[in-house]
Amino acid sequence: MTTYEGFAELETKGWSDDTISSGYVSMFSEASDMAIPAIVSSIEGTQKILDLCCGQGNVTEALVKAGHSVTGADFSSKMLSYARERVPDGDFVEADAQDLPFENASFDSVVCSFGLMHVPDQTKALSEIRRVLKPRGQFIMTSWRGPDMSPVFQVFYSSVQEHGHPSVKMPDSPNFHQFADEEMAQSILNDAGFDVKKQEQVDCFWMLHSPEVLAEIFQNGAPRGGYLLSQQPEANNAAIKAVVAQKVRERFGDGDKWRAPIPACLIVACAR
Ligand SMILES: C[S@@+](CC[C@H](N)C(=O)[O-])C[C@H]1O[C@@H](n2cnc3c(N)ncnc32)[C@H](O)[C@@H]1O
């Protein structure tokens, strides 16, 4: 079995990098934040919740405001520093999703908002999630739709394919969009001991003030996008950015702004 070492290194470096972490918080998460109401409304009553891959604490903050008792966990001290600033009284723990420092059956629900696709050993992470959940506990996660359904990923991947240098390749990794494919997600979660209760689309988007911003969000706000763009020779980087901007102009125009749709998939599953 591959350990996806190159991918693990890319993710670890990315989330501890000043530019990527601050770019995610200031640019990328405008879209991620749009999934928060769907996550919060999937949780009934008042619960003890683990917000796994909590990043800057956006979901933790909303869950605390809804009255839950929440622990946020993330492996990046940089992302946790944003979370601690955002939720000063919050309970945050530096931890890897593949090796959680919590007792068995500690939480009523585990939430993982746009986190699991960044984890190299997802089987291990899911087994950790199931272990720390109480019997019949809920697992709620979100994931970005792939290019078959996502206009933003169509634009980004096709532009990299058309103008990227052939020597620039992403390290091997689990399929980034597999949890946004209903059947694939059901099969992985079933194998991990979960029954899927709900899968629904959440319509996230960016309202861009200029067509050039989309490539900037990927280069400076996401480890994989940052890698794919920053490893390019200058001419290829410039060509990709120009064609992304051109496609944004053609497809996403909305008055004096550009509405770039990046749909997500919300999954609610129950531990068997
Ligand atoms: C895309 S951000 C999501 C942040 C936040 N949950 C949101 O919805 O905006 C992914 C987060 O997962 C964290 N992460 C990635 N791999 C991880 C791992 N193996 N263990 C714990 N956290 C991880 C990153 O540090 C980052 O904060």
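Counting starts at 1 for both ligands and their atoms, in listed order.
Within the 4.5 Å cutoff, the side chain of V70 has no heavy atoms near those of the F92 side chain.
For atom 16 (N) of ligand 1, the nearest protein heavy atom (residue, atom name, distance) is F75 CZ, 3.4 Å. With respect to atom 27 (O) of ligand 1, the closest heavy atom belonging to the protein is D74 OD2, 2.7 Å.
Residue A95 approaches ligand 1 through these ligand atoms, each under 4.0 Å from one of its heavy atoms: 20 (N), 21 (C). For ligand 1 and N58, the ligand atoms under 4.0 Å from any heavy atom of the residue are 5 (C), 7 (C), 8 (O), 9 (O).
Backbone and side-chain nitrogen or oxygen atoms of E11 are examined, and none is located within less than 3.5 angstrom of a nitrogen or oxygen of ligand 1. The shortest N or O to N or O distance between C53 and ligand 1 is below 3.5 Å. Ligand 1 has an N or O atom lying under 3.5 Å from an N or O atom of Y24, backbone or side chain.
Inspection of the Q47 and S109 side chains reveals an N or O donor paired with an N or O acceptor under 3.5 Å. When only modelled atom types and interatomic distance are considered, Q138 and E44 share no side-chain donor-acceptor pair under 3.5 Å. If you check the side chains of R145 and Q201, you find a donor sitting under 3.5 Å from an acceptor.
Scored by the side chain to side chain donor-acceptor pair (under 3.5 Å) test, N104 finds R131 as partners (sequence neighbours excluded).
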Report the C-alpha separation of F7 and H118 in whole Å, then their side-chain angles, then the decisive distance to 0.1 Å, and conclude whether the ring-ring contact (aromatic ring centres under 6.0 Å, His included) test is met.
CA-CA 9 Å; F7 172 63; H118 295 280; 7.7 Å; no
